[in-house]
Amino acid sequence: MSLYWPEANVAIDIIDDPGRRPFDIASHPDATVIEVTCEQLADFDANEEIAHELMRHLGVEPPEDSEDYRTRRRKLHQMLFDTIPPNYSTR
């Protein structure tokens with residue numbers, strides 16, 4: 001799967017997503033493509049790094065980092081990724 005923000009000409013391409021449709025670089029040769037894996041997205045710290053890289057490319061200031069913010073983000077991340085079945089494979 002890939003996600004594209006045309007206003008910033010930036011894409012995230014999840015390179016090992018089983019239902020992947022690769023980003024069409026031929027149609028957008030100047031796009032910045034951030035390649036990530038399912039494992040990176042499932043890891044809270046790696047996911048945060050991806051989010052911050054994307055924010056930089058979008059020109060968005062990240063929220064102030066506080067203990068409350070990280071706790072809420074970690075809880076959301078856990079809620080999202082705890083729904084993935086244990087036998088789910090990216091291969």
Side-chain angles (χ1 to χ4, degrees):
M1 175 164 79
S2 60
L3 305 168
Y4 180 57
W5 288 262
E7 68 279 1
N9 201 27
V10 64
I12 290 181
D13 192 357
I14 306 168
I15 60 174
D16 60 348
D17 182 351
R20 180 177 184 229
R21 287 191 169 173
F23 180 71
D24 186 3
I25 196 71
S27 295
H28 308 281
D30 296 330
T32 299
V33 180
I34 303 167
E35 291 186 340
V36 302
T37 64
C38 292
E39 185 176 329
Q40 286 174 292
L41 294 173
D43 177 84
F44 177 77
D45 293 321
N47 191 304
E48 289 292 289
E49 289 177 23
I50 294 163
H52 283 269
E53 182 177 355
L54 179 60
M55 284 186 258
R56 279 193 305 275
H57 288 290
L58 295 175
V60 174
E61 287 291 320
E64 184 177 324
D65 193 17
S66 67
E67 188 62 37
D68 181 56
Y69 167 77
R70 288 188 67 75
T71 299
R72 288 184 287 126
R73 293 278 300 151
R74 191 175 294 278
K75 184 176 179 179
L76 174 61
H77 185 267
Q78 184 178 11
M79 286 170 39
L80 293 171
F81 284 91
D82 279 356
T83 63
I84 297 173
N87 61 348
Y88 179 81
S89 173
T90 59
R91 301 194 197 294

Extract all donor-acceptor atom pairs below 3.5 Å that involve side chains of residues 21-29 and protein atoms in other chains or at least two apart in sequence.
unit_1 : atom_1 : unit_2 : atom_2 : d
Asp24  : OD1    : Ala26  : N      : 3.4
Asp24  : OD1    : Ser27  : N      : 3.3
Asp24  : OD2    : Ser27  : OG     : 2.5
His28  : ND1    : Tyr4   : OH     : 3.4

Tell me whether [X] shares a hydrophobic cluster with [Y], the cluster being built from Ile, Leu, Val, Met, Phe, Trp, Tyr side chains joined at under 4.5 Å.
X	Y	answer
Ile14	Leu58	yes
Val60	Ile50	yes
Ile34	Leu41	yes
Leu76	Phe81	yes

For Asp43 and Glu39, run side chain to side chain contact (heavy atoms under 4.5 Å, CB included): C-alpha distance rounded to whole Å, both residues' side-chain angles, the deciding distance at 0.1 Å, then the answer.
CA-CA 6 Å; Asp43 177 84; Glu39 185 176 329; 5.7 Å; no
Do side-chain atoms of Asn9 reach the backbone of Asp30 as a donor and acceptor pair under 3.5 angstrom?
yes
Is Arg20 paired with Asp16 through a side-chain N to carboxylate O contact shorter than 4.0 Å?
no
Identify the two heavy atoms, one from His57 and one from Ala8, that lie closest to each other, and give their separation to 0.1 Å.
O-CB, 3.8 Å
List the atom of Ala46, the atom of Gln40, and the distance in Å for their closest heavy-atom pair.
CB-O, 3.4 Å
Can you tell me how far apart CD (Glu35) and OG (Ser2) are? Round to the nearest 0.5 Å.
10.5 Å
Which pairs, with at least one residue in residues 52-63 and sequence neighbours excluded, count as a salt bridge (charged side-chain N to carboxylate O under 4.0 Å, His left out)?
none
Stepwise side chain to side chain contact (heavy atoms under 4.5 Å, CB included) check, Glu48 with His77
CA-CA 10 Å; Glu48 289 292 289; His77 185 267; over 6 Å; no
Under the criterion side chain to side chain contact (heavy atoms under 4.5 Å, CB included), I'd like the reasoning laid out for Arg74 against Gln78: C-alpha separation, chi angles, the key distance, then a yes or no.
CA-CA 6 Å; Arg74 191 175 294 278; Gln78 184 178 11; 5.6 Å; no
